[in-house]
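These notes are about the structure you will find just below.
Keep in mind that what you see is a predicted model, and the values were worked out from it rather than measured.
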2 protein chains.
Amino acid sequence: MKREPLARSPKSGNRFLDSAAQPLRIVSVEEPTIAEAVLNAGFDMSNCPVRDVMDHIGGKWSSLMLLVLSTKPHRFGELKRAVPDISQRMLTQTLRDLQRDGYISRHVFATVPPSVEYRLTPLGESLMPALRALVAWAVDNHPRIAEARQTFDAA
Amino acid sequence: MKREPLARSPKSGNRFLDSAAQPLRIVSVEEPTIAEAVLNAGFDMSNCPVRDVMDHIGGKWSSLMLLVLSTKPHRFGELKRAVPDISQRMLTQTLRDLQRDGYISRHVFATVPPSVEYRLTPLGESLMPALRALVAWAVDNHPRIAEARQTFDAA
DNA sequence: GCACATGATCTCGTTTTGAGACTAATGCGA
DNA sequence: TCGCATTAGTCTCAAAACGAGATCATGTGC
């Protein structure tokens, strides 16, 4: 259990507005509250869906799983072989989290040995364009990132 | 040990499928390898840029930082206030990782007390459209996810 | 019997994250 | 002048997440 820590308690709340009461001295630019920043980004912070969603699909294996499942449904063992360096433990957990959030569905076949198939739900499908866009960006800009990293590490 | 509290050592920074050290096992006969799956998704797995990039911008705070910085440059303290529930330690680390990968730049002003400003680089800016698309999706679909989660937890 | 394959869980140890105290030089009020 | 706040971080320690491997139940082929 204890699968909850990922879901931040709502009352650990973000008080974005108290910053408005803090005038700055040195660099006199007034700062936007998180509410503003986030509104500029195009969403409402009131119940912070961003972190709620991003923390899940941004998990170490989640996006990779979704990507693999977007090609066709996979069984547990297929996924394990498709992503060789995921531990069985994390595979189980990632799949369950994805299922819990409604991105994928799980179908058990009472064969012997039993087999379990995972596939994207419509909700999961609807995420793919945005996810692929991010992946495409990653591919295009990976060299630049590698270069920046090298430069940084040299210093 | 390997405390290295803040500076992630360059060598440990690449623990995701180091393509050189751990070649993909193309063992499966009947199912698509990760390489195939990922090629279908539109990129080359040979040096796995996806996890390399996704694991960073998909980090717990990275995307939020980028989002906030996309509105305007921020100082350290501003960021801290803008995202009240990030610890100073994680803020420092997130910013340094982002800087290392070339998403943001860091400018120190020798005022007193000293101030440090962070801002998006052109590379960071170029990521924003894709990131915003993901955020937009998150906002649009958050209710569905919450519902799925509730349904799942009920069972 | 015995090994094998399935999907999943348990235990253990390592890595990453979180909470909070602590640093430096200086400005401010009392 | 004492004390306290400011700046951007660092340090320590505990908690959480993660990884590797063993284990489980069960039926098939040998």
Quick one: is dG19(D) close enough that its OP1 or OP2 comes under 4.0 Å of any side-chain N or O from W61(A)? yes

Using OP1 and OP2 only, check whether a side-chain N or O of K60(B) sits under 4.0 Å from dT16(C). no

Quickly, which of L98(A), D97(A), D101(A) forms a side chain to side chain contact (heavy atoms under 4.5 Å, CB included) with S62(A)? Name it, please. L98(A)

So if I take every side-chain heavy atom of M90(B) and compare against dT6(C), dT17(C), dT6(D), which nucleotide ends up nearest? dT17(C)

Closest to the side chain of P113(B), out of dT6(D), dG27(D), dG19(D), is dT6(D)

In chain order, what residues pass the side chain to side chain contact (heavy atoms under 4.5 Å, CB included) check against R119(B), with sequence neighbours excluded? P73(B), S105(B), H107(B), E117(B)

Go through the structure and list residues passing side chain to side chain contact (heavy atoms under 4.5 Å, CB included) with V108(A), not counting sequence neighbours. R106(A), V116(A)

Donor-acceptor pair, T121(B) side chain versus Y103(B) backbone, under 3.5 Å? yes

Quick one: does any side-chain atom of T71(B) pair with a main-chain N or O of V68(B) as donor and acceptor, under 3.5 Å? yes

Quick one: which protein N/O atoms are closer than 3.5 Å to N/O atoms of nucleotides 8-12 of chain C? Pair and distance per line, please.
{"from": "dA8(C)", "atom 1": "OP1", "to": "R106(A)", "atom 2": "NE", "distance (Å)": "2.8"}
{"from": "dA8(C)", "atom 1": "OP1", "to": "R106(A)", "atom 2": "NH2", "distance (Å)": "2.0"}
{"from": "dA8(C)", "atom 1": "OP1", "to": "Y118(A)", "atom 2": "OH", "distance (Å)": "3.2"}
{"from": "dA8(C)", "atom 1": "OP2", "to": "Y118(A)", "atom 2": "OH", "distance (Å)": "2.9"}
{"from": "dA8(C)", "atom 1": "N7", "to": "Q88(A)", "atom 2": "NE2", "distance (Å)": "2.6"}
{"from": "dA8(C)", "atom 1": "N6", "to": "Q88(A)", "atom 2": "NE2", "distance (Å)": "3.0"}
{"from": "dT9(C)", "atom 1": "OP1", "to": "R96(A)", "atom 2": "NH2", "distance (Å)": "3.2"}
{"from": "dT9(C)", "atom 1": "OP2", "to": "R96(A)", "atom 2": "NH2", "distance (Å)": "2.5"}

Atom-to-atom span, [atom1] of [X] to [atom2] of [N] - whole angstrom:
X: K80(B); N: dA19(C); atom1: NZ; atom2: P; result: 11 Å
X: L79(B); N: dA8(D); atom1: CG; atom2: P; result: 9 Å
X: D97(A); N: dA17(D); atom1: CG; atom2: P; result: 10 Å
X: Q93(B); N: dT15(C); atom1: CD; atom2: P; result: 15 Å
X: L91(A); N: dA20(D); atom1: CG; atom2: P; result: 13 Å
X: H74(B); N: dA8(D); atom1: NE2; atom2: P; result: 12 Å
X: I86(B); N: dT17(C); atom1: CD1; atom2: C1'; result: 11 Å
X: D55(B); N: dT15(C); atom1: CG; atom2: P; result: 17 Å

Contact nearer the 5' end of DNA chain D, comparing S87(A) with V112(A): S87(A)

Would you sort out whether T94(A) and L64(A) count as a side chain to side chain contact (heavy atoms under 4.5 Å, CB included), showing the intermediate values? CA-CA 10 Å; T94(A) 300; L64(A) 204 50; over 6 Å; no

With both distances under 3.5 Å as the test, what is the Watson-Crick or G-U wobble partner of dA24(C)? none

Who does dT7(D) pair with, Watson-Crick or G-U, both distances under 3.5 Å? none

Give a yes or no on whether a salt bridge exists between D153(B) and R100(A), defined as a side-chain N under 4.0 angstrom from a carboxylate O. yes

